[in-house]
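Since the structure comes first, as structure tokens, the remarks are kept for the end.
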Amino acid sequence: MNLKSLALGAAALGMSFSLLAQESPKEEDFFKILKVPAPEGTLLEVGGLTMMPNGNLAVSTRRGDVFIVENPTSQRPYFNKFASGLHEILGLAYHEGSLYMVQRGELTKLTDLNSDGKADWYETIASWPLSAHYHEYSFGPKIAPDGNFIVTTNVAFGDQEWWRGESKVPFRGWTLKIHPDGTIEPYATGMRSPAGPGILHGEVFYTENQGDYMGSGGLWHLEKGDFSGHPAGLRWSGLEGSPIKITQTEFDAVVDPMKIPRPQGGFAKPENVVDAPFITLAEAEKSLPAIKLPAVWLPHGIHGISNSEPIMIPDNYWGPFGGQILVGDQGQSKIMRIMLEKVNGVYQGASIDFRSGFQSGVLRLVFAEDQSLFVGETNRGWGSAGDANEGLQRLVWNREVSFEMRTVKAKPDGFEIEFTKPVDKKSAEDLASYMVSSFTYKYFPVYGSPPVKAMDHEILGVEVSEDGRKVRIAINNPQQYHIHKISLPGIREAVNSHELVHMDAYYTLNQIPSGDKMVIKPKPVPAPEPVKAAAAAPKKPATTTAAKPVANAVPTEAEIKTLLAKNTCTACHTKDKKVVGPPFVEIAKRGYSAEKIVELIYNPQPQNWPDYATPMAPMPQVKREEAMKIAQWINSLK
């Protein structure tokens, strides 16, 4: 190579580095996913994780095994089988020298009596009824500050209406507090599929999954006697020791399920569901004050489709994110970040995407002493974006601070956003850098809900702090009880003009705080243009013939993106990748007519897709004209 070509090569290389330097970093540039090597043939369908005082990691699996992993953060961890023969362990905790776990119908204690690395003593601490329905999972335990154990239980499904949750035996759809002596204390009800109990800020929380009466997933704060919305567990509200003050009859008087007409044993016709009257969970709470609203809604298809364990980031871990909450999601194989605040004594806050790309469904999380996060994974019974069926991975921070919204807090007229790094003030002072909209969900017995009562909020004003770390935005007409999508597409970092790693936050506004509102500066009025003298009579506009709409026109890319997101289709499907359901291009290859695809949206036939473990739920809430547009777009992919 001669000097001239060497110089040209160096210049080109320098230019490429310059271009790379201008690209905004992504989440994977700060948090790396590492696989934890497991012994060959070991299937880690992880149901529980807990750290032990000596730095070992305890892992339980849905297949009924318990492993103790020595040197778990090293390149060669050692797996020792501690126990086996248990029944679908979906939670694990270490307490006073023993491991505690929740099987299908009991809290079990495992103890190694002779220190040989094997459990010698299997002890049932407490048990609760089972009907043998497959959906009767149990989750936990989590150890409360008072030393008691917190357990949550799934509902089953009705025999005729499989999509509708049913509490066939006592305390299904409940949160239970179990004392060390085995006493079961009923604590709260209203759960449908509470896959993630957690102790956060020393209090009881849990994550819920979308389904009947649950328009979307979310994070609930629970106090004794709370009812979080699903009515199945009210069947047992009159049992001895129940703290629940409302009955099924009182619930039905307020939330009458017959408002939505439907054939016996099946789904309502789409047009009936779409047009039927409905209320929201917040509206129901006005008549039933015992209802506990979620602290944070996790918008379905955006921040997960099957939310799992919530944990707190220790205060001195992960830089600016210490003290905040992480929530996993099984279906989308990712983790979200939640920041909570209390307003008028009520928890509320925002959720933001954090890290995606795990190899299977994220179910359990636990921090190691080196500040890495162990992630336990499984997708059995519910597909996942990650195409592996199981997994144990670690999330490792590289100690560099990403440019993110650190916190979002409610104000009387909008929100205050704190950043992890100073912002470019010119971009932050521009009202066009912000977009805010809001929506909520229906509270009704159909499986899930589309977003309803959507509205856009004008940005009225903005204030930027002197250090560039905070901005306050005032918006028109904040909506109590709505989820507010706060988008910051125009915000740039002060030093290098990078975009935010995640531009969207979803704030659940349960309470609007009191206080001073922002003083809005009047917008400058543009000077009037000088009136021009008419040089000639205005020309008569040419007549044109309006183009007739094309029958069966395929929606544009922008239109179909909106339709798929609005109807939560993208929660389970992508254009060309297998996720929870088949990709749209594979559906197109089946050669269905558009009318047939519409029919399958309303009445799916899971037997047509035997390679997919999770059957599609009927989607009666999708408007027929929108379903037809989606069908036409799918067929255009042939």
Side-chain angles (χ1 to χ4, degrees), residues 200-201 203 205 215-221 223 280-283 285-286 291-299 302-303 310 312 320-321 323-325 327 336-354 404-420 423 428 431 433-441 451 453-465 469-488 491 500 502-520:
L200 311 172
H201 303 293
E203 300 183 75
F205 284 78
S216 186
L219 177 71
W220 265 258
H221 168 234
E223 297 170 292
T280 66
L281 188 59
E283 289 168 342
E285 188 260 349
K286 292 178 180 178
I291 289 179
K292 192 63 167 284
L293 302 178
V296 175
W297 286 106
L298 293 162
I302 300 169
H303 285 171
M312 284 192 66
F321 306 126
Q324 296 187 356
I325 297 162
V327 173
M336 286 71 64
R337 176 169 57 94
I338 289 178
M339 56 224 68
L340 291 177
E341 63 172 333
K342 264 190 174 180
V343 177
N344 299 331
V346 176
Y347 276 114
Q348 60 188 42
S351 62
I352 297 178
D353 271 323
F354 189 70
E404 297 268 26
M405 288 181 263
R406 180 180 175 273
T407 60
V408 181
K409 295 183 178 180
K411 292 293 181 183
D413 52 356
F415 302 94
E416 180 187 78
I417 303 156
E418 180 184 357
F419 299 91
T420 57
V423 297
L431 299 186
S433 292
Y434 308 88
M435 294 187 296
V436 177
S437 58
S438 68
F439 60 93
T440 187
Y441 294 106
K453 299 190 176 184
M455 63 185 300
D456 294 323
H457 299 271
E458 181 186 0
I459 310 299
L460 301 177
V462 61
E463 292 177 351
V464 183
S465 65
R469 292 270 183 172
K470 293 181 181 180
V471 299
R472 178 175 172 180
I473 55 173
I475 66 172
N476 180 50
N477 197 18
Q479 292 293 293
Q480 187 177 12
Y481 305 121
H482 277 212
I483 304 106
H484 288 69
K485 179 184 179 182
I486 304 166
S487 297
L488 278 57
I491 294 295
L500 287 157
H502 298 103
M503 297 181 188
D504 300 330
Y506 290 81
Y507 191 101
T508 301
L509 191 63
N510 289 326
Q511 296 286 318
I512 298 176
S514 58
D516 295 332
K517 295 186 176 182
M518 187 185 300
V519 177
I520 305 299

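Because the structure is predicted, anything quoted here is derived from the model rather than measured. One is the number of the first residue; the rest follow in order along the sequence.
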Summary of side-chain hydrogen bond (donor to acceptor under 3.5 Å, both in side chains) pairs that have at least one residue in residues 509-520, sequence neighbours excluded: N344-Q511
Salt bridge (charged side-chain N to carboxylate O under 4.0 Å, His left out) between K453 and E283, intermediate numbers included: CA-CA 13 Å; K453 299 190 176 184; E283 289 168 342; 2.7 Å; yes
Gap separating the CE atom of M339 from the CD1 atom of I325, nearest 0.5 angstrom: 9.5 Å
R469 side chain vs T420 backbone, donor-acceptor pair below 3.5 Å: yes
Shortest non-hydrogen contact between H221 and K292, atoms and distance: O-NZ, 3.1 Å
K286 side chain reached by T280 side chain, heavy atoms, under 4.5 Å: no
Check: S433 side chain, A428 main-chain N or O, donor-acceptor pair, under 3.5 Å: no
Partners passing side chain to side chain contact (heavy atoms under 4.5 Å, CB included) against N476 (at least two apart in sequence or in another chain): E458, L460
No-hydrogen, no-angle side-chain donor-acceptor test under 3.5 Å, D456 and S437: no
For W297, the option from Y506, W220, Y481, Y507 that meets ring pair (Phe, Tyr, Trp, His ring centres under 6.0 Å): W220
Shortest non-hydrogen contact from L298 toward S351: CD2-CB, 3.6 Å
Sidechain N-carboxylate O distance under 4.0 Å for K409, E416: no
Mutual orientation of the aromatic rings belonging to H201 and Y347 [parallel < 30°, tilted 30-60°, perpendicular > 60°]: parallel
Side-chain donor-acceptor contact under 3.5 Å, H484 with Q479: no
Ring geometry between Y441 and F439 (parallel below 30°, tilted from 30 to 60°, perpendicular above 60°): perpendicular
A474 backbone acceptor or donor facing K411 side chain under 3.5 Å: no
Where A410 and Q348 come nearest, the two heavy atoms and their spacing: CB-NE2, 3.7 Å
Atom of A350, atom of V408 and distance for their closest heavy-atom approach: CB-CB, 4.0 Å
Straight-line distance of L340 CG to L200 CG, nearest 0.5 Å: 7.5 Å
Closest contact, heavy atoms only, G414 versus I475: CA-CG1, 4.1 Å
Passing candidate, side-chain hydrogen bond (donor to acceptor under 3.5 Å, both in side chains) with S438, options H457, K485, Q480: H457
Between CE on residue M435 and CD1 on residue I473, distance to nearest 0.5 Å: 11.5 Å
Straight-line distance of S216 OG to L281 CG, nearest 0.5 Å: 12.0 Å
Between CD1 on residue I486 and CD1 on residue I417, distance to nearest 0.5 Å: 5.5 Å
For the student: nearest non-hydrogen atoms of P478 and P412, plus distance: CG-O, 4.5 Å
Main-chain N/O of F354 paired to E404 side chain as donor or acceptor, under 3.5 Å: no
Atom pair NE2/CD1 of H303 and I352 - distance to nearest 0.5 Å: 7.5 Å
Side-chain heavy atoms of T407 within contact of E418, under 4.5 Å: yes
Chi angles and distances behind the side-chain contact (heavy atoms from CB on, under 4.5 Å) call for F419, L488: CA-CA 12 Å; F419 299 91; L488 278 57; 3.6 Å; yes
